[in-house]
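This one's a predicted model, so the numbers in the text were calculated from it and none came from an experiment. Side chains are part of it too, since the values below use all heavy atoms of this structure and drop only hydrogens, waters and symmetry mates. We name chains A, B, ... by the order of the sequence lines, and we start the count at 1 in each one.
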Amino acid sequence: MYDKLWLIPLFPFVGFLINGLLGKKIKNEKVIGAIGTLAIFSSFVVSCKYFLQLLEDSNKVHEVVVTSWMSVGQLQVDWGLLLDPLSALMIMNVTGLATLITFYSIGYMHGEEGYFRFFSYLNLFSFAMLMLVLGSNALVMFVGWEGVGLCSYLLIGYYYEKKSASDAGKKAFVVNRVGDFGFLLGLFLLFWSLGQKGVWTIRFTEIAANAHLLENGGLIVTIITLCFFLGATGKSAQIPLYTWLPDAMEGPTPVSALIHAATMVTAGVYMIARMNGLFAMAPDTMMVIAIVGGATALFAATIGLAQNDIKRVLAYSTVSQLGYMFLAMGVGAFTAGIFHLLTHAFFKACLFLGSGSVIHGMHHAYHHAHLDDDPQDMRNMGGLRKKMPITFYTFLFSTLAISGIPFFSAFFSKDEILWWSLSSTRGHWALWLMGALAALMTAFYMFRLVFMTFFGEQKTDARAKDHIPESPLVITLPLMILAALATFGGLMGVPHVLGQYIGHFPNAIENFLAPIFEHTQHLHHIEAHGAAATEFTFMGISVGIAVVGIGLAWLMYCKKPQLPGLIVAKFPALHRAIYNKWYIDEFYDAMVVNPTKKLGTTLWLIFDVRLVDGLVNGVAWVVKGSGRALRYTQTGYTHNYAMSMVAGVVAIIAIYVFN
Amino acid sequence: MEYLQLFFFYLVALVAIVAGFCVISCKNPINSAISLVMTFFCLAIFYVMLHAPFMAAIQIMVYAGAIMVLIIFVMMLLNQGAEVIARYRHAVIGAFVAAALMMVQIIVLIKQGAVSATVGPISSDVIETVGHTELIGQALFTDFLLPFEIASILLLVAIVGAVVLAKREV
Amino acid sequence: MPEMLSLSNDPILFLSVMVAKILVVFIVVVLIVAYATYAERKIIGRMQTRLGPTMTGPLGLLQPIADGLKLFFKEDIIPAQSSKFAFILAPMMILVPAFITVAVIPFGDFITVGGYLVPLHITDLNVGILYILAMAGLGVYGIVLAGWASNNKYSLIGGIRSAAQMVSYELAAGLSMIAVFMLSETLSLRGIVDAQAGSVLNWYIFSQPLAFCLFVITSLAEINRTPFDLPEAETELVSGFCTEYSSMKYALFFMAEYANMIVVSAITATLFLGGPAGPFAGPINLLLKIFFFMFLFIWIRATFPRVRYDQLMFMGWKVFLPLALLNIVITGAVIVF
Amino acid sequence: MITITHYMVLSAILFSMGTVGVLTRRNAIVVFMCVELMLNSVNLTFIALSSHLGNMDGQIFVFFIMTVAAAEAAVGLALMIAYFRNRESIDVEEFSLLKW
């Protein structure tokens, strides 16, 4: 039934091999792009087949063992793939978006140096991501986990001649390593502590089935889950390890869309959802997750308010939205978190690709006019509505979605998260407040972005302004598909309160995911009737918040463009702090990076130079001294050596003769 | 008849030893080489006397006909003059002493040792009737087939090695 | 059936018959050598529409003797800077292998002397062909030493060329012989002759035409005859290794050349043309075959120009050697299947 | 009567002479020839014993020694030519790079 599951990761891997090994020979961009797209598209087709099959199937969990990997002591690891509703949704998400974005890249990357490299990396990334979501045990997942980190590093540093790009790549890698360390520690601890109870396993199904052996809410579970959560913060850019994501915008825009918005950064969310049984047993960890998620959502949103780089705004928006997902995870609303993950993937991918389209156009214009201005700076844009209509409309729909305008996709998902953050047994009004404030800011800065880019008068340099074209179909087609998804994607998770009014419209995603989260259902306390009114009230409040945010943006950037300047003048310190990202990077440099460097230098001076080198040199000295003494026996004349050999022979024969 | 044989043996042995001495004492390397060829000849004669005509023929073909020709050829190419031996007189004396000691020891050892009787089936009559070449061939292609093949590989390697080493530019 | 004569049943007769055979063969070879020079001059003269020697004796028949006497009585010059020992040794080392090779060549069947059977060969070695190859390998020493000992750059170059040439062609010659004794399954020349007995069609020239051609050509190169006479190429090396030689030593070189021709002819006849087999008495058949080859060699000398040195090496290593190997492979395949 | 001892003593003498040559001569090719002389003296022992014992093994051994000697000659002489090209000499006294 599901035994061909391994085809899904295989196709992109084959694509990677072909483009990676032969790409340099092929040279033809169309062929390379076609290979890359076809590889991931084939994977998408297979994914669709299995997804539809799973929808019909009554048994929702299927594990396929491809081959044995290793067997060490109690540890038995297979290359196993796991298909259940959660991973099925994820593979659909990954393969679908990767197909669109790879296709988009054919146009976007046109004429770039190392074209084949880009496509082979994209395919490798898809492979690693699919291994991550399909892995049936923690080790296979970890392979994918590291693989996506590697591809992220490679793709951020794609323009490796640029110092900022290669630095950003390194930063992403190193910061991710911190998280990975936590993941590994958690994994070891989990393996060991389960082993103490007699179950030596790292398979997810067995972990879920045996989690109850551990003490509920005990110290061990808390530590394990905290370690895993540290891993998640690294990969998913949460406080305190979020700093790499904004810098990752140095990579090409399709990379930002695919890796740093839609798929890889959600790996942490996915991992927590995958181990929900374990996390549900650690209320303290859940609280930490919720607080960190909410704080990140709020904190990143504030930074997003003042950025001028179009991609950077989106990057902070991504961090903020990821914060939402963690907030959902923290309050036990796993379904809502995964739902938001999906809708976020749609609209954020669309937003990134749209910004890519804008940058592409700006770049084209600047290139045409031989100007050196920054094509990503929003202050140079404005009025692009008429120049690139398709980009504008798709962008607008996605922005409406992210802002939470009713019936656009994120309205459902975000609203559900906000509702659960208040109503869940783990919820709290403070969490809701953080989420709501973040939502206000989100609506504000996203529309700030739209207004600055597409409305008002064109601020582009006069020499370039007439040469901004609409992007070709290869770029706009994915935009349109994604915009459609961003607009209507929310329908798969219409909440009950709304669904019951429109002909009992089912909450499809919740039903579908129910078997995965059955152990955590007890967190949801819904008094079916009494809460409906409250839920409607809060729904209204969040819509209101969104409208207020949009209105503010309109006021400040369309109606009275001088207003932002006045506010900045009024609170210069605040603006500077926000503009400089609250000086977090500087803070990290001062607190972590520089002390580490200093420690390294000190250790090198004391330990390495004195002790290690001293030891090595001491040995060398002894050898040198004895060599100096012994070398007088080495005359260098062959005859002398031969002579000593003959003397030896004479001695040996003498022993024989006189015995 | 036996004394004739013994006389012949001593005659050839004398020639071999004198030629051998010329090898180590002639200042001119070409003369050394000619003396060595002479020694090889004497050894070939001994091989015939020992009922091993095939080995005798091979001895002349390989040593006299190939190796020594090669050596003389190289000597002509390099065209080295006569060498100065007398620089390390004490070393020469030492070498003679050591070698003489060794020789005496070996001879003592030989004299001490008991010579066993004939154990194998191959007598001179067998060699006469079957033929020495045939006997060698049978041994070589049955019991010693693997070493034989390995030796052929060794030769191939040596050819390649010699070409690589002696080529001016590889 | 009379008994075979051997050292054990009649030592005196055996030794005297042995000495007689050796003497006869030696004298015959020397005579042929002497008159081969005469024949060569006559034949080439005719081919070039000249008369050749006519003055000394009837038809110039005493010419070789006159030449010999003249050379023997000339003053013997040894160059001052030469290596005297090697200089004197060289002509001997070139002549001796040529003469002692003849010892293994059978020149007839058996005759009865004093009631015993006497085979018509000086000796029949179990390793006859190897013996021939070994002696052929020794021939090179004479030339190399002559070239080196003369202390003359032409001589030295001639000597080195000769060494290279002979070593190269020895291989091809030896390999072409292998096919023959693969068929006869013996290394003894008597055995090879016996294997070809019976009919003319048994001669190996018919079953081994390629080996025959290869052997004749490579032998020609090995005895330094035209068109392969590079070691003594007059035009470039001023007679090569024998530039500095005079008088009797020079005569020895010449004798050696013709003796080598005879030996090669005899070996070719033995290996490929059934040796003493034929319509007449054994020795006469063999002599006729030898004369045929001698004539062939002289004819070639009159006809072909000298090859260039690189052509020579090219042919030796890249044409004859592979062909000889191919011949061995084919012969082996035919024998096995 | 020639006994096995005759051959072995002769072999010992030749071997010792070869040793002296190796120890005293300075021309690398002559040293090489002396090594060949030593090898040959061993060959003589082998064949003498082989013939004495009525066994072919010794002669087969000699056969292989000759093979090895031929290979050695080819490679050794090639080495000497290469060395001569670098140093303009094949004097073993000058092969002294290992000297202190």
How close do [X] and [Y] get, heavy atom to heavy atom, and via which atoms?
X       : Y        : result
B:Val37 : B:Ala64  : CG1-CB, 4.3 Å
D:Ala78 : B:Ala162 : CB-O, 3.5 Å
B:Ala33 : B:Met75  : CB-CE, 3.7 Å
B:Val15 : B:Met38  : CG1-CE, 4.1 Å

Counting heavy-atom pairs under 4.5 Å to chain D, which of [options] comes out on top?
options                             : value
B:Ile71, B:Val62, B:Val163, B:Val23 : B:Ile71
B:Leu156, B:Leu43, B:Leu109         : B:Leu43
B:Ala16, B:Ser152, B:Ser32          : B:Ser32
B:Ala52, B:Pro147, B:Ala139         : B:Pro147

- Nearest-0.5 Å distance that lies between atom CE in D:Met56 and atom OG1 in B:Thr142: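 Output value for this atom pair is 11.5 Å.
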
- Query: Nearest 0.5 Å, what's the CG-CD1 distance between D:Leu49 and D:Ile4?
  - Reply: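 Here the rounded value is 4.0 Å.
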
Give the member of [options] that has the highest number of heavy-atom pairs under 4.5 Å with chain B.
options                            : value
D:Ala73, D:Ala69, D:Ala82          : D:Ala69
D:Val31, D:Thr67, D:Thr3, D:Thr5   : D:Thr67
D:Val68, D:Thr19, D:Asn55, D:Asn43 : D:Asn43
D:Leu44, D:Ile81, D:Asp57          : D:Leu44
D:Asn40, D:Val9, D:Val20, D:Leu37  : D:Asn40
D:Ser16, D:Cys34, D:Gly21          : D:Ser16

State, yes or no, whether a side-chain contact exists between [X] and [Y] at a heavy-atom distance under 4.5 Å.
X       : Y       : answer
B:Ile67 : D:Met66 : no
D:Ile2  : B:Phe8  : no
D:Met33 : D:Arg25 : no
D:Glu36 : D:Leu39 : yes

Tell me, side chain or backbone of [X] under 4.5 Å from chain D's heavy atoms, or both, or neither?
X        : value
B:Ala66  : neither
B:Leu140 : both
B:Ala100 : neither
B:Ile106 : side chain
B:Leu50  : both
B:Gln59  : both
B:Phe73  : neither

Let me know if [X] has heavy atoms under 4.5 Å from chain B in its side chain, its backbone, both or neither.
X       : value
D:Val22 : neither
D:Ile47 : both
D:Leu10 : side chain
D:Ile13 : both
D:Tyr7  : both
D:Ile29 : side chain

- Given ring pair (Phe, Tyr, Trp, His ring centres under 6.0 Å), test B:Phe46 with B:Phe9 step by step and report yes or no. CA-CA 8 Å; B:Phe46 286 130; B:Phe9 173 85; 5.2 Å; yes

- May I ask you to decide if D:Ser41's main-chain N or O and D:Ser11's side chain share a donor-acceptor pair within less than 3.5 Å?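 Flag set: sc D:Ser11 to bb D:Ser41 pair under 3.5 Å.
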
- Give a yes or no on whether the backbone of B:Gly20 and the side-chain of B:Ser35 come within a donor-acceptor separation of less than 3.5 Å.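 Looks like no, no N/O pair under 3.5 Å.
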
- Evaluation steps, side-chain contact (heavy atoms from CB on, under 4.5 Å), between D:Glu72 and D:Phe32: CA-CA 10 Å; D:Glu72 185 192 320; D:Phe32 182 75; 3.6 Å; yes

